Chemist: 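One structure, pasted below without further comment.
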Amino acid sequence: MKTLKHLFEKNLQWATAIKEKQPDFFKELSKQQAPEYLWIGCSDSRVPANQIIDLPPGEVFVHRNIANVVVHSDLNCLSVVQFAVEVLKVKHIIICGHYGCGGIKAAMSDDDHGLIDNWLRHIKDVERFNKDKFIGIEEEDKFDLLCELNVKEQVTNICNTTVVQKAWKSGSNLSVHGWIYNIENGILKDLETCISPND
Ligand code: CO
């Protein structure tokens with residue numbers, strides 16, 4: 001039986017190191033969670049939410065899927081958003097895409113990827129909605145552009161969900177942000193698409 005022993009060893013070291021600095025860290029955190037942020041990002045292993053923004057457990061509520069897509073009929077994503085907004089009362093929703101996204105790249109090709117092509121249709125839609133923006137763009141820049149446009153589209157999508165609309169109608173100060181992460185240097189960029197009821 002393979003028990004992935006090394007991962008349990010790493011876990012023990014990690015928990016011990018935290019407890020050495022803050023003996024009550026886990027005890028206190030076990031009583032409640034009160035994150036200010038909902039992170040919707042890509043499943044890519046190189047884009048781990050908490051580590052990128054250097055926040056400990058308890059600070060970020062996270063939903064990840066291939067190419068950080070918000071689909072109006074995706075009950076998984078919508079349930080996360082509802083719980084984050086209505087129960088945890090997060091103050092910010094961050095849609096974080098990344099350059100070099102394999103999902104975006106796959107969506108740009110006509111190759112057969114099997115089941116996932118159904119999911120990637122959402123990215124192909126983003127490309128189609130923004131057709132004009134690709135005119136005159138160098139081939140190698142089109143990939144980066146679609147990664148950015150996808151974030152902006154998902155910002156629009158999340159703003160249009162019943163959950164976010166209801167929150168704003170009831171006076172919530174909830175903000176929605178569109179960010180992109182560079183896997184080549186570890187740096188985040190704000191795409192300046194922040195939407196909040198005070199704008
Ligand atoms: Co990705």
Side-chain angles (χ1 to χ4, degrees), residues 37-49 52-53 60-85 92-168 174-195:
Y37 313 100
L38 164 60
W39 172 285
I40 299 178
C42 184
S43 298
D44 193 305
S45 63
R46 298 164 294 182
V47 195
I52 287 176
I53 45 179
V60 198
F61 201 65
V62 176
H63 177 76
R64 289 167 69 181
N65 61 39
I66 289 173
N68 41 273
V69 179
V70 177
V71 181
H72 301 306
S73 55
D74 177 359
L75 288 180
N76 182 357
C77 180
L78 293 178
S79 301
V80 170
V81 175
Q82 185 186 13
F83 188 76
V85 171
H92 304 273
I93 299 177
I94 297 157
I95 307 280
C96 186
H98 68 103
Y99 294 118
C101 181
I104 305 275
K105 189 161 200 175
M108 291 177 85
S109 86
D110 292 324
D111 297 345
D112 180 358
H113 307 95
L115 172 79
I116 198 174
D117 281 332
N118 296 288
W119 183 252
L120 297 176
R121 285 246 47 107
H122 297 297
I123 314 290
K124 285 185 186 282
D125 287 344
V126 176
E127 195 176 7
R128 184 163 44 84
F129 298 156
N130 293 281
K131 232 176 179 172
D132 297 350
K133 299 195 176 85
F134 289 88
I135 297 168
I137 302 289
E138 296 285 333
E139 209 51 47
E140 64 260 36
D141 296 332
K142 284 183 181 169
F143 184 19
D144 286 351
L145 179 61
L146 188 55
C147 290
E148 291 179 1
L149 290 172
N150 181 50
V151 171
K152 291 178 183 173
E153 187 67 25
Q154 306 318 323
V155 166
T156 304
N157 283 348
I158 195 132
C159 290
N160 287 330
T161 59
T162 51
V163 178
V164 173
Q165 287 291 320
K166 188 177 152 200
W168 282 339
L174 182 71
S175 303
V176 178
H177 309 259
W179 296 356
I180 194 149
Y181 175 74
N182 189 334
I183 51 171
E184 289 182 6
N185 62 16
I187 301 297
L188 275 172
K189 183 168 89 181
D190 191 335
L191 289 174
E192 286 167 20
T193 53
C194 176
I195 298 172

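For clarity, every value in this text was computed on a predicted model and none was experimentally measured.
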Chemist: Between F61 and F83, what is the ring plane arrangement, given parallel below 30°, perpendicular above 60°, and tilted in between?
Modeler: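 Correct class here is tilted.
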Chemist: Could you tell me the separation between the CG atom of N182 and the CD1 atom of I52, rounded to the nearest 0.5 Å?
Modeler: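 Answer for the CG-CD1 pair, N182 versus I52, is 10.5 Å.
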Chemist: Contact between W39 and I53 at the side-chain level, heavy atoms closer than 4.5 Å - yes or no?
Modeler: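 They are in contact (side-chain heavy atoms under 4.5 Å apart), so the answer is yes.
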Chemist: Would you check if the side chain of N118 reaches a backbone N or O of L115 as a donor-acceptor pair within less than 3.5 Å?
Modeler: yes
Chemist: I'd like to know if the side chain of H113 reaches the main chain of D111, judged simply by a donor and an acceptor atom lying under 3.5 Å from each other, with no hydrogens or angles considered.
Modeler: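 Checking the backbone N and O of D111 against the side chain of H113, a donor-acceptor pair under 3.5 Å is found.
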Chemist: What is the minimum heavy-atom distance between G103 and L120, and which atoms define it?
Modeler: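 Reported closest heavy-atom pair: O-CD2, 3.2 Å.
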Chemist: Sort out for me which residue in V70, L78, N76, I93 forms a side chain to side chain contact (heavy atoms under 4.5 Å, CB included) with H63.
Modeler: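 Passing option: N76.
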Chemist: Which pair of non-hydrogen atoms, one from D190 and one from G178, has the smallest distance, and what is that distance?
Modeler: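 It is OD1-O, 3.5 Å.
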Chemist: Between S175 and C194, what is the shortest heavy-atom contact and its length?
Modeler: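 Taking S175 first and C194 second, the nearest heavy atoms are CB-SG, 4.3 Å.
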Chemist: As an exercise, state the distance from NZ of K105 to CE of M108, rounded to the nearest 0.5 Å.
Modeler: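 It comes to 9.0 Å.
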Chemist: State, with a plain yes or no, whether a side-chain heavy atom of T156 is found less than 4.5 Å away from one of F129.
Modeler: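 Answer no - side chains too far apart.
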Chemist: Is it true that N157 and Q154 share a donor-acceptor pair across their side chains at a distance under 3.5 Å?
Modeler: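 Indeed, the side chains of Q154 and N157 share at least one donor-acceptor pair under 3.5 Å.
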Chemist: Closest approach of C42 and C101, non-hydrogen atoms and distance?
Modeler: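 Answer, listing the atom of C42 first, then C101: SG-SG, 4.0 Å.
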Chemist: Assess whether side chain to side chain contact (heavy atoms under 4.5 Å, CB included) is satisfied between D44 and Y181, documenting all intermediate values.
Modeler: CA-CA 11 Å; D44 193 305; Y181 175 74; over 6 Å; no
Chemist: To the nearest 0.5 Å, what is the distance between CD (E153) and CD1 (I123)?
Modeler: 9.5 Å
Chemist: Kindly indicate whether the side chain of C77, heavy atoms from C-beta on, has any atom under 4.5 Å from the side chain of V71.
Modeler: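 A side-chain contact under 4.5 Å is absent here.
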Chemist: What's the separation between atom OG1 in T161 and atom CG in D74, rounded to the nearest 0.5 Å?
Modeler: 12.0 Å
Chemist: Kindly give the heavy-atom pair with the smallest separation between I40 and N68, and that separation in Å.
Modeler: O-CB, 4.0 Å
Chemist: Salt bridge (charged side-chain N to carboxylate O under 4.0 Å, His left out) between K124 and E127: does it pass, once the steps are laid out?
Modeler: CA-CA 5 Å; K124 285 185 186 282; E127 195 176 7; 5.8 Å; no
Chemist: Taking atom OH of Y99 and atom CG of L146, what is their separation to the nearest 0.5 Å?
Modeler: 12.0 Å
Chemist: Rounded to the nearest 0.5 Å, how far apart are CD1 of I158 and NE2 of H72?
Modeler: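 These two atoms lie 9.5 Å from each other.
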Chemist: Does a salt bridge link K189 with E148, judged by any charged N lying under 4.0 Å from a carboxylate O?
Modeler: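 Yes, this pair counts.
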Chemist: Can a donor-acceptor pair be found, under 3.5 Å and without considering hydrogens, that links the side chain of N150 to the backbone of I104?
Modeler: no
Chemist: In this structure, are over 12 heavy atoms from other groups packed under 6.0 Å from E184 atom CD?
Modeler: no
Chemist: Between V151 and I95, what is the shortest heavy-atom contact and its length?
Modeler: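 Answer, listing the atom of V151 first, then I95: CG1-O, 3.7 Å.
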